[in-house]
Amino acid sequence: MTKRQSILTIVKLLLFYVVYQLGFSAVCAGIARLIPMSPGTMVSLAMVASTIVMTWHLIRFGYVHLADDRYKEVNPSILGVSVVFIFSATYVLNLLIEQAHIPDMMEDTFMDMSRNPFGILSIGLLAPILEELLFRGAIQGCLQQTLKSSWAAIIMASLIFGIVHMNPAQIPFAFLMGTIFGWLYYRTGSLLPGIVGHVLNNSIATLNMLLYGNATIEEQVESPTTMWFVALVSTILFAVTARWLHRALKR
């Protein structure tokens with residue numbers, strides 16, 4: 001695949017990704033005129049439908065092949081350490097982004113989505129699986145075939161992943177977490193660690209919204225000392241697990 005073909009493929013995938021979302025959003029908005037529903041429920045239904053169809057699109061047109069090595073089983077110890085690696089990064093990044101006070105344009109929508117079954121299904125399960133298939137499996141995989149540097153492929157795919165979220169509070173978090181998922185994909189040769197980590201991360205975030213609403217990490221813990229102590233422990237865990245994975249995994 002040439003660089004030009006790679007760019008065209010990525011642009012085409014992103015266009016379909018956006019078109020499916022806009023199309024099903026319009027359909028659900030029309031349904032909402034006939035059947036009263038909250039904005040969160042309407043968005044949730046659109047997200048569930050567009051996610052399922054986009055996943056089908058990736059498989060149907062050969063962008064994703066479920067039988068290939070990218071979906072192979074991973075050593076349980078690798079998978080377990082990867083999950084700790086992901087969660088330690090998640091806590092620290094969430095805390096730092098909260099301290100930066102970046103506007104969250106989707107806060108109310110996500111809160112509404114977390115209170116209906118379609119939203120929980122979309123945020124916690126379907127969206128993470130699709131995002132790993134699309135941004136790591138298809139887009140990063142495409143870039144790794146055409147770019148000399150694997151890190152360039154990881155960074156570019158993660159940047160696209162961040163920008164696509166279109167929400168100031170999510171863009172830096174998605175970019176940095178996308179880099180972590182992309183690195184795991186590159187080093188393990190499998191999408192499984194990223195999928196498992198992404199699903200668990202989003203599921204816990206959804207549960208957190210149900211339990212604490214819009215409360216920040218600082219508002220959820222007993223004191224700032226506790227918050228920063230957990231951040232320190234998470235940072236140490238991140239460094240240790242990153243080093244372990246770097247040594248344990250072959251490129």
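Values below: all heavy atoms of this structure, side chains included; hydrogens, waters and symmetry mates excluded.
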Exercise for review: Provide the closest heavy-atom pair for M113 versus G40 in the form atom of the first, atom of the second, distance.
Suggested key: CG-O, 3.6 Å
Review point. Just wondering, do F161 and L134 contact through their side chains at under 4.5 Å, heavy atoms?
Key: no
Review point. Within the distance-only criterion (no hydrogens, no angle test), does the side chain of R187 pair as donor or acceptor with the backbone N or O of H246 below 3.5 angstrom?
Key: yes
Check your understanding: Is the side chain of Q5 donor-acceptor paired with the backbone N or O of T2 at a distance under 3.5 Å, no angle test?
Key -> yes
Exercise for review: If the plane angle is over 60° it's perpendicular, under 30° parallel, otherwise tilted; pick one for H198 and F181.
Suggested key: parallel
Practice item. Indicate yes or no: at least one non-hydrogen side-chain atom of F24 is less than 4.5 angstrom from one of L45. Key: no
Exercise for review: Please tell me if the side chains of S88 and T235 come closer than 4.5 Å, counting only heavy atoms from C-beta onward.
Suggested key: no
Practice item. Examine F135 together with Y17 and report whether their ring centres are nearer than 6.0 Å. Key: yes
Point to revise | From E132 atom CD to L130 atom CG, the distance as rounded to the nearest 0.5 Å | key: 9.5 Å
Check your understanding: Are the side chains of W244 and S77 in touch, meaning some heavy atoms are under 4.5 Å apart?
Key -> yes
Check your understanding: Is there a path from V196 to F85 through hydrophobic residues (I, L, V, M, F, W, Y) whose side chains come within less than 4.5 Å of each other?
Key -> yes
Check your understanding: So if you build clusters from Ile, Leu, Val, Met, Phe, Trp, Tyr with side-chain heavy-atom gaps below 4.5 Å, do W228 and I217 land together?
Key -> yes
Exercise for review: Return yes if some donor-acceptor pair links the side-chain N/O of S158 with the main-chain N/O of T179 below 3.5 Å, else return no.
Suggested key: yes
Review point. Does CZ belonging to F61 count more than 12 external heavy atoms closer than 6.0 Å?
Key: yes
Practice item. Measure the spacing between CZ of R115 and OG of S44 and express it to the nearest 0.5 Å. Key: 12.0 Å
Check your understanding: So, does N202 use its side chain to make a donor-acceptor pair with the main chain of I123 at under 3.5 Å?
Key -> yes
Check your understanding: Do the side chains of I180 and I204 join up, straight or via other hydrophobic residues, at under 4.5 Å, putting them in one cluster?
Key -> yes
Practice item. Please identify each residue that fulfils side-chain contact (heavy atoms from CB on, under 4.5 Å) with S149, with sequence neighbours left out. Key: W151, A152
Check your understanding: What's the spacing between L207 CG and Y212 OH if we round to 0.5 Å?
Key -> 8.5 Å
**Study point:** Minimal non-hydrogen separation, G137 against Y185, with atom names
**Key:** O-OH, 4.1 Å
Exercise for review: Check whether any side-chain heavy atom of I129 sits under 4.5 Å from a side-chain heavy atom of T55, and report yes or no.
Suggested key: no
Check your understanding: Do you reckon V199 sits in the same ILVMFWY cluster as V64, going by side-chain contacts under 4.5 Å, direct or chained?
Key -> yes
Point to revise | Under 3.5 Å donor-acceptor, N167 side chain and M105 backbone | key: yes
Exercise for review: Taking S25 for its side chain and Q21 for its backbone only, find out whether a donor-acceptor pair lies under 3.5 Å.
Suggested key: yes
**Study point:** CE-CE distance between M42 and M37, expressed to the nearest 0.5 angstrom
**Key:** 8.0 Å
Review point. Between the side chain of S203 and the main-chain N/O of G124, is any donor-acceptor distance below 3.5 Å?
Key: yes
Exercise for review: Look at the side-chain heavy atoms of Ile, Leu, Val, Met, Phe, Trp and Tyr, link any pair under 4.5 Å apart, and say whether M106 and L121 land in one connected group.
Suggested key: no
Review point. Do T41 and S38 have side-chain atoms, one donor and one acceptor, less than 3.5 Å apart?
Key: yes
Check your understanding: Is there a donor in the side chain of Y20 and an acceptor in the side chain of H57, or the other way round, less than 3.5 Å apart?
Key -> yes
Review point. Within the side chain of T90, is there an N or O that forms a donor-acceptor pair under 3.5 Å with the backbone of I86?
Key: yes
Check your understanding: Can you check whether F238's main-chain N or O pairs, donor with acceptor, with T241's side chain at less than 3.5 Å?
Key -> yes
Check your understanding: Heavy-atom distance under 4.5 Å between the side chains of F110 and T206, does that happen here?
Key -> no
Check your understanding: Taking atom CZ of R136 and atom CD of E131, what is their separation to the nearest 0.5 Å?
Key -> 7.5 Å
Review point. Is there side-chain contact between Q145 and Q140, with heavy atoms separated by less than 4.5 Å?
Key: no
**Study point:** 4.5 Å side-chain heavy-atom contact, P168 and D104
**Key:** no
Review point. What are the two closest heavy atoms between I97 and A169, and how far apart are they?
Key: CG2-O, 3.9 Å
Review point. Got a second to check how far R4's CZ is from T146's OG1, nearest 0.5 Å?
Key: 13.5 Å
